[in-house]
Amino acid sequence: MPDPKKGGGAQAPAGGALALAAMGMEAEFSVTLDGQPVRPEDVFGSPRAFVRGNLMHRQGTSYHLPTGGAVYFDTGVIEVATPVIEIERGAAARTGRSLWESILYIREQLDDWEARTHRDIRLTGFSTHYNVSFELPAAQQGRSRTVKKLALLLSYILPAPVMLLATNRRSTGVGVRPRGDRIEITADFTPSASLMIATATLIVGIVREVMTWPSFELEMLEQMGIPVIEGYQPIKHTSRKGWLAKDVCYPRNPFQADIDETTWRTTDGRELSLRSVAGLIVKHFWHPIRRISDPWTFRLIGSVMRGRAPSLLDLEDRPPEYEDVGRLCTWDNLFPESELSRSRYERVLIRAISGQKLWMHGRRYTPTGMRGWSAVVFRADDDHSRHVFSIDYLLGHLRDWERPRSRGG
């Protein structure tokens, strides 16, 4: 669910809010050219300078990719975004797969650019954004259940387990931002695809469960038995509205501390390690996380929380894989389509972006563009009239779209 100002996430008149609860992910990369940091917009101007082939343009420097995602430049970084993917079991694995497929596609295009120009260009992992839809009806919200209060409440719950799964020794914070129809969690880029998917799974499970609580007031933390480190106080996010669990928000820097040392005092009087705080939070949300997780990722989350699988915070420093994403760290096809099918939203968007014609209501339509992530723009082949259909509406015609047809139609 990318930012509307960057060509993504806008609500199309024919689409409106998505009918299904959905998630999405974004990854940002800083760029080095021949060993020197550069701004991608200064080097390329547009992704079209290095991405070849027929791409569907969004707006500005934003383009759809054949993977279903999108690429654009954003204030000195290259940003890659997934399409929206409906939330169900395995949704985070599908979203992580989509993101890494897009990352590798961009890396392959940059490899070709290097061969043509005899330059060296590298992607350095900067950040990952995890988006979860907030579709609570207005009648069920009220003063104590707004998206802003949900974001503040989550800034007390999510940081500790996200730290263990997604951050490193040089990290400085975990953010939670209310974005109207969604909640966005910001953290450092994670060079391990499996840990990134584990982070997304944990976030979706916790956010969706907290969304069902009768109140989003901070008093719910004590009522629900959520451990909170004594002295912790989130600060305002450095970009846009929201909250940030920064290193200075704690009695000492949690990213530099021994995560197994029992030196963190909680507001209920216990002395715990950072891993124990994270583990207790995960234990509280164990069933909601399990409901939306694939089995492999569910076991990985538990293993990291118990110390049986390594966290990046177990390492002495940030691993070198951050410095050359797509080559030092890559996607190992952890979830092939034979084991985990594409989501329905993903299948609709991949066909739209590829320009695949759709036979519907006795007419043939050619997709020509997108309205945000929620609607597809078509041209009728018979009279060239323009039509906009929501992706929810197109779900009902997905089988027709996927069914092979003869050349005659």
Side-chain angles (χ1 to χ4, degrees), residues 21 23 87-92 130 132-134 136 144-145 147 149-167 174-176 178 183-185 187 195 197-234 243 245 249-250 254 259-309 311 313:
M23 65 174 295
I87 294 175
E88 57 187 5
R89 185 178 295 275
Y130 305 84
V132 184
S133 63
F134 178 79
L136 198 66
S144 66
R145 300 184 84 215
V147 68
K149 289 196 173 182
L150 176 62
L152 177 58
L153 181 61
L154 289 169
S155 71
Y156 283 80
I157 300 172
L158 287 172
V162 169
M163 284 179 192
L164 259 69
L165 292 174
T167 70
V174 175
V176 185
I183 288 285
E184 182 179 54
I185 288 78
L195 284 177
I197 290 172
T199 304
T201 301
L202 175 137
I203 286 172
V204 173
I206 292 178
V207 171
R208 299 296 296 175
E209 179 66 15
V210 174
M211 212 179 293
T212 68
W213 287 3
S215 168
F216 301 154
E217 300 291 349
L218 294 183
E219 61 192 31
M220 293 296 296
L221 296 167
E222 182 178 358
Q223 185 174 328
M224 291 292 183
I226 305 298
V228 178
I229 293 175
E230 190 174 79
Y232 166 71
Q233 182 70 44
W243 303 94
C249 299
Y250 295 87
I259 59 176
D260 290 311
E261 189 176 1
T262 309
T263 54
W264 296 95
R265 186 174 180 83
T266 59
T267 52
D268 59 7
R270 288 180 289 180
E271 295 280 344
L272 300 171
S273 67
L274 185 63
R275 194 190 300 271
S276 295
V277 172
L280 287 171
I281 293 172
V282 170
K283 182 179 180 180
H284 182 91
F285 295 98
W286 196 239
H287 294 296
I289 294 171
R290 185 174 187 173
R291 280 197 299 269
I292 60 97
S293 179
D294 64 275
W296 192 90
T297 300
F298 186 67
R299 290 193 294 271
L300 176 60
I301 293 171
S303 295
V304 173
M305 295 303 150
R306 297 184 184 100
R308 297 173 182 171
S311 161
L313 291 179

So do the side chains of [X] and [Y] get within less than 4.5 Å of each other, counting heavy atoms only?
X      : Y      : value
Leu280 : Arg270 : yes
Val282 : Leu164 : no
Pro214 : Met220 : yes
Leu152 : Pro234 : yes
Val132 : Phe134 : no
Pro178 : Leu150 : no
Glu230 : Tyr250 : no

Give the minimum heavy-atom separation between [X] and [Y], together with the two atoms involved.
X      : Y      : answer
Ser155 : Tyr232 : O-OH, 2.6 Å
Thr262 : Glu271 : CG2-O, 3.1 Å
Leu154 : Pro159 : O-CD, 3.7 Å

Discussion item. The criterion is ring-ring contact (aromatic ring centres under 6.0 Å, His included); which residues satisfy it with Phe298, sequence neighbours excluded?
Written reply: Trp286
Discussion item. For Leu153 and Val176: C-alpha separation, side-chain torsions, deciding distance, then whether side-chain contact (heavy atoms from CB on, under 4.5 Å) applies.
Written reply: CA-CA 9 Å; Leu153 181 61; Val176 185; over 6 Å; no
Worksheet entry | Among Val210, Val204, Ile203, the one residue meeting side-chain contact (heavy atoms from CB on, under 4.5 Å) with Val207 | Ile203
Discussion item. Using a 3.5 Å distance criterion without hydrogens, assess whether the side chain of Ser303 forms a donor-acceptor pair with backbone atoms of Ala309.
Written reply: no
Distance (rounded to the nearest 0.5 Å) between [X] [atom1] and [Y] [atom2]:
X      : Y      : atom1 : atom2 : answer
Ile226 : Leu221 : CD1   : CG    : 7.0 Å
Thr297 : Leu202 : OG1   : CG    : 11.5 Å
Ile301 : Arg306 : CD1   : CZ    : 11.0 Å
Glu261 : Arg275 : CD    : CZ    : 13.0 Å
Arg299 : Ser293 : CZ    : OG    : 9.0 Å
Ile183 : Ile206 : CD1   : CD1   : 13.0 Å

Fill in: From CA spacing to verdict: side-chain contact (heavy atoms from CB on, under 4.5 Å), Met23, Ile292
CA-CA 12 Å; Met23 65 174 295; Ile292 60 97; over 6 Å; no
Worksheet item: Around atom CZ of Arg290, are there more than 12 heavy atoms of other residues, nucleotides or ligands at under 6.0 Å?
Response: no
Discussion item. Run the side-chain contact (heavy atoms from CB on, under 4.5 Å) test on Ile229 and Leu274 for me, step by step, so that the C-alpha distance in whole Å, both residues' side-chain angles and the decisive distance to 0.1 Å come before the verdict.
Written reply: CA-CA 9 Å; Ile229 293 175; Leu274 185 63; 4.2 Å; yes
Worksheet item: Are Phe285 and Ile157 close enough, and set up right, to give a side-chain contact (heavy atoms from CB on, under 4.5 Å), and what steps lead you there?
Response: CA-CA 10 Å; Phe285 295 98; Ile157 300 172; 3.8 Å; yes
Discussion item. Going by side-chain hydrogen bond (donor to acceptor under 3.5 Å, both in side chains), name the residues that satisfy it together with Glu217, two or more places apart in sequence or in a different chain.
Written reply: Lys149
Fill in: Residue pairs passing the side-chain hydrogen bond (donor to acceptor under 3.5 Å, both in side chains) test where at least one lies in residues 197-215, sequence neighbours excluded
Glu135-Arg208, Glu209-Arg291
